[in-house]
There are 4 protein chains.
Amino acid sequence: MNCHSYFRIFLGGDIVVKKDKPKYKQIIDAAVIVIAENGYHQAQVSKIAKQAGVADGTIYLYFKNKEDILISVFQEKMGVFVSKLEEIISRDLSAPTKMGLMIESHFELLAGDTHLAIVTQLELRQSNHEIRLKINNVLREYLKLMDEILVKGIEDGEFDRTMDIRLARQMVFGTMDETITTWVMNDHKYDLVELAPQVQRLLLKGMQA
Amino acid sequence: MNCHSYFRIFLGGDIVVKKDKPKYKQIIDAAVIVIAENGYHQAQVSKIAKQAGVADGTIYLYFKNKEDILISVFQEKMGVFVSKLEEIISRDLSAPTKMGLMIESHFELLAGDTHLAIVTQLELRQSNHEIRLKINNVLREYLKLMDEILVKGIEDGEFDRTMDIRLARQMVFGTMDETITTWVMNDHKYDLVELAPQVQRLLLKGMQA
Amino acid sequence: MNCHSYFRIFLGGDIVVKKDKPKYKQIIDAAVIVIAENGYHQAQVSKIAKQAGVADGTIYLYFKNKEDILISVFQEKMGVFVSKLEEIISRDLSAPTKMGLMIESHFELLAGDTHLAIVTQLELRQSNHEIRLKINNVLREYLKLMDEILVKGIEDGEFDRTMDIRLARQMVFGTMDETITTWVMNDHKYDLVELAPQVQRLLLKGMQA
Amino acid sequence: MNCHSYFRIFLGGDIVVKKDKPKYKQIIDAAVIVIAENGYHQAQVSKIAKQAGVADGTIYLYFKNKEDILISVFQEKMGVFVSKLEEIISRDLSAPTKMGLMIESHFELLAGDTHLAIVTQLELRQSNHEIRLKINNVLREYLKLMDEILVKGIEDGEFDRTMDIRLARQMVFGTMDETITTWVMNDHKYDLVELAPQVQRLLLKGMQA
DNA sequence: AATGAATGAGTTTTCATTCAT
DNA sequence: AATGAATGAAAACTCATTCAT
């Protein structure tokens, strides 16, 4: 039994290996579309199955239950944000530059997929306590990467050494989140990415040494 | 018939005048407690009635339907925030000071009523589109007052005249919201009000001229 | 204790004496209007009270319960039909003539009060079994008078002596009822009374000796 | 895809094709029994499901809602009356004979299914306006066939050419309906079919040339 | 006599999940 | 692996009636 099979068992048995199969992603994508177009509370499993072109029962071969679909949607999509941010952090850039790139890339990813933006900013937040706790666990990975940038900025003397890192991160994330949500609630009628530089400037000025 | 009674009739018939009756507030307060303790989706009308010490049917003498209860909860409670902010704005203080007082008072109000904090930060966000739109209309009044402070700060030359007011407001509100939500999700295990000065400092530095 | 007080006790205590008071008829008339305009299932006691210009509770000073209102409506209104028919029967006329006058007078009474026509032909029939049984008891008095005409017609040799009186009466009543109901369902858009002579002719021909 | 399957899709999607499945008729029959035995207002969906031997939810795989069950009951059962009448009309008989057969067959069908007689004569009439309008639409087909007999009778010189066809039909239907309802309200304690010849004689005499 | 605020019982429908095929 | 018919639990709202004033 190797490292992988250990994780397979740990993470929920034989379902994990199915993440590679085409129908897994098919269902995830169907869920995003159905939730975005019908709203969280009108996104029945049967609708997702229909959109994915599979039978209702088939869903349960790939996901434990409906909650599992929703969390997986967030996990899979958030993975792209994490990868992108990891790539930015790995580059040899100053912390403020990294922060700026993060904001820009975060905005770009959501501006490029309005269905996803609706789902993450509005619909998924209607889910119950339990699901939101699990979603927050997924989000935590992303927030940790943000913290890395902040720590580096302080170490490099570019960010205010007296600021509370947790609060700073809450400001950065809260501001981005509010900006994006407002954009989504206004039906994406203006260009989100264009706002990135001004958001950067406001945030970086607040944090600078 | 004076001006007020005219408006009472104009604004929606029989139910409006009942806002003054004791059972109206009794039910609102019961709703906050039941939602906070049971979660949005487990806050049945019968539970709220029981907590309020009235019969199920009595609820419908004071509220059109369940949705009306939820919106009224937000309206009534948000009213306190708005009054407080109006009072702060009316004082002869600098914009940064007003901003600081606003943050402090916002934190204080929620720290002083953890049930309400749970309801506004977590539970009420699980409501459907329609209810959230109505809640946002109520919130808008509060955001407009925030804008007044920002405008005054710019006019007085205390805030950066080149910043976008809407973005600045989204930063302020987003940061406060994220800070409070994190505090609620951590079961209020630290002192929210103590964080206010640091939050102020971060935000004001970002906006200063 | 005289004959009247006997009936008072027998028929339901002190409510009977209230039939003479103005509010009794006021409520009966309100019920007819409310039922005709809102439909049987939308004729709530509170609506009837409002239409009658009394408080909900007042209804219960004059009627035992809602069912009692409905039966009383039928009773009071049917009384007019019975009186009219009694008057016709008392006259010195042939059975076919009496039958013709009955049909004409029945049509006239309903054509002159379309609210009442809607209530008796459509709405009151939506009432439950129990109420309809009681309504039928009231109706029976009217049907008995019809039978008197039929018996006289047979005795006088004007009606077919071999016909079953009960069936003949069911034909007469069924035909009138169906004719009137069709007229009501067509929104009274043609003149009901004008149809009376043809209805008479059809029915009398069927019954003639 | 033949003509029929085209119409199936056109006429209302998935549910129409289910009319052929055994559970559809099972539920219809259960509804008749439950309504006859419990009364219209005590015929809960759960009772019908139990009687049909299916789960409550299964009902909704075959019917849009409760109203749809009730209308379908009338439609399916009335279909038998219509077919029978069509068969009678298609035969090479005189109009009076056809009329007689119609009355006889109508009485026989209801005398042979007292549950159905209770449902159509008493219980279904308690339904609300909307349902009754839909029921009347179904009934109209039957009444049109009656008219055909009347028209033929007049053309053949067997029925009075001066009579109003609509009134004659109202007499025929009203008489049959009243006769059957009286029989049902008397708990079927006498033989309905035995009455048919006398009803025929009365009606035909009224209409004859 | 009159009021009207308060009561609380009762039912349709949805939809996540299962399991025989 | 895939299907989809069947399941059954769960909750908002109405309105006839009461009774303290």
Side-chain angles (χ1 to χ4, degrees), chain A residues 14 18 21-23 27 41-50 52-70, chain B residues 14 18 21-24 27 41-50 52-70, chain C residues 14 18 21-23 27 41-50 52-70, chain D residues 14 18 21-23 27 41-50 52-69:
Chain A
D14 39 16
K18 295 186 175 169
K21 305 222 175 160
K23 286 196 178 162
I27 293 166
H41 292 291
Q42 281 305 307
Q44 294 88 350
V45 172
S46 61
K47 262 188 201 154
I48 295 173
K50 199 172 186 180
V54 300
D56 294 14
T58 306
I59 298 270
Y60 291 87
L61 298 174
Y62 294 90
F63 300 90
K64 221 167 54 231
N65 49 34
K66 189 180 179 180
E67 177 176 308
D68 189 26
I69 307 175
L70 303 175
Chain B
D14 315 278
K18 297 189 173 166
K21 305 212 176 166
K23 287 199 177 156
Y24 178 83
I27 293 166
H41 291 291
Q42 280 307 304
Q44 293 90 346
V45 171
S46 59
K47 265 187 199 153
I48 296 173
K50 198 171 186 179
V54 300
D56 294 16
T58 305
I59 298 270
Y60 293 88
L61 296 175
Y62 295 90
F63 299 91
K64 244 189 4 258
N65 48 34
K66 189 179 179 182
E67 177 176 307
D68 191 24
I69 308 174
L70 304 174
Chain C
D14 38 16
K18 298 189 175 167
K21 306 219 173 163
K23 286 196 178 161
I27 292 166
H41 292 291
Q42 281 307 305
Q44 294 87 350
V45 171
S46 61
K47 261 187 202 155
I48 296 172
K50 198 171 187 180
V54 301
D56 294 15
T58 305
I59 298 268
Y60 291 87
L61 298 175
Y62 294 89
F63 299 91
K64 223 169 50 233
N65 48 34
K66 188 179 180 181
E67 178 177 306
D68 189 26
I69 308 174
L70 304 174
Chain D
D14 316 276
K18 296 188 175 168
K21 305 210 177 167
K23 287 199 176 155
I27 293 166
H41 291 291
Q42 280 307 305
Q44 293 89 346
V45 172
S46 59
K47 265 188 199 151
I48 296 173
K50 197 170 187 181
V54 300
D56 292 15
T58 305
I59 299 268
Y60 292 87
L61 296 175
Y62 295 91
F63 300 90
K64 240 187 9 255
N65 47 35
K66 189 178 178 181
E67 176 177 311
D68 190 25
I69 307 175

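Throughout, protein chains are lettered first and strands after them, A, B, ... in sequence-line order, and every chain is numbered starting at 1.
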Looking for any heavy atom pair under 4.0 Å, which part of the strands does D:Val45 touch: base, sugar-phosphate only, or nothing?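 The residue D:Val45 makes base contact.
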Just checking C:Lys47: base, sugar-phosphate only, or nothing, at a heavy-atom cut-off of under 4.0 Å?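 Here C:Lys47 touches no strand at all.
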Within this structure, what is the [atom1]-[atom2] distance for the pair [X] and [Y], rounded to the nearest 0.5 Å?
X	Y	atom1	atom2	value
D:Ile27	D:Thr58	CD1	OG1	7.0 Å
B:Ile59	B:Asn65	CD1	CG	11.5 Å
B:His41	A:His41	NE2	NE2	4.5 Å

With both distances kept under 3.5 Å, what pairs with E:dG10, Watson-Crick or G-U wobble?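 WC or wobble partner is F:dC13.
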Should E:dA16 form a Watson-Crick or G-U wobble pair with both distances under 3.5 Å, which nucleotide is its partner?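 In the structure as shown, E:dA16 has F:dT7 as its Watson-Crick or wobble partner.
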F:dT3 phosphate, OP1 or OP2, under 4.0 Å from A:Tyr60 side-chain N/O: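 A:Tyr60 to F:dT3 OP1/OP2: no side-chain N or O under 4.0 Å.
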Does A:Tyr62 put a side-chain nitrogen or oxygen below 4.0 Å from OP1 or OP2 of F:dA1?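 False: A:Tyr62 side-chain N/O out of range (4.0 Å or more) of F:dA1 OP1/OP2.
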With respect to the side chain of [X], which nucleotide from [options] is positioned closest?
X	options	answer
D:Gln42	E:dT11, F:dT3, F:dA6	E:dT11
D:Thr58	E:dT7, F:dT7, E:dA2	F:dT7
C:Leu61	E:dT3, F:dT7, F:dA16	E:dT3

Would you kindly give the [atom1]-to-[atom2] distance between [X] and [N], to the nearest whole Å?
X	N	atom1	atom2	answer
A:Lys50	F:dT3	NZ	C1'	15 Å
D:Ile69	E:dT13	CD1	C1'	11 Å
A:Ile59	F:dT3	CD1	P	10 Å
C:Ile48	F:dC15	CD1	P	12 Å
D:Asp56	E:dT14	CG	C1'	12 Å
B:Lys21	E:dA6	NZ	P	7 Å
B:Ile27	E:dA6	CD1	P	9 Å

Of A:Lys23 and C:His41, the one whose closest DNA chain F nucleotide lies more 5':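 The answer here is A:Lys23.
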Which residue lies more 5' along DNA chain F, comparing D:Val54 with B:Gln44 via nearest heavy atoms: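 Its nucleotide being nearer the 5' end, the pick is D:Val54.
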Please check: side-chain N/O of A:Lys47 versus main-chain N/O of A:Gln42, any donor-acceptor pairing under 3.5 Å?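 Yes, the answer is positive, given that a donor and an acceptor are paired below the 3.5 Å cut-off.
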If you assign D:Asn65 and B:Gly53 each to the DNA chain E nucleotide with the nearest heavy atom, which residue ends up on the more 5' nucleotide?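 The 5'-side residue here is B:Gly53.
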Tell me which of C:Ala55 and D:Lys66 sits closer to the 5' end of DNA chain E, going by the nucleotide each one is nearest to.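 Checking each residue's closest nucleotide, the 5'-ward one belongs to C:Ala55.
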Contact between D:Tyr62 and D:Ile69 at the side-chain level, heavy atoms closer than 4.5 Å - yes or no?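 A side-chain contact under 4.5 Å is absent here.
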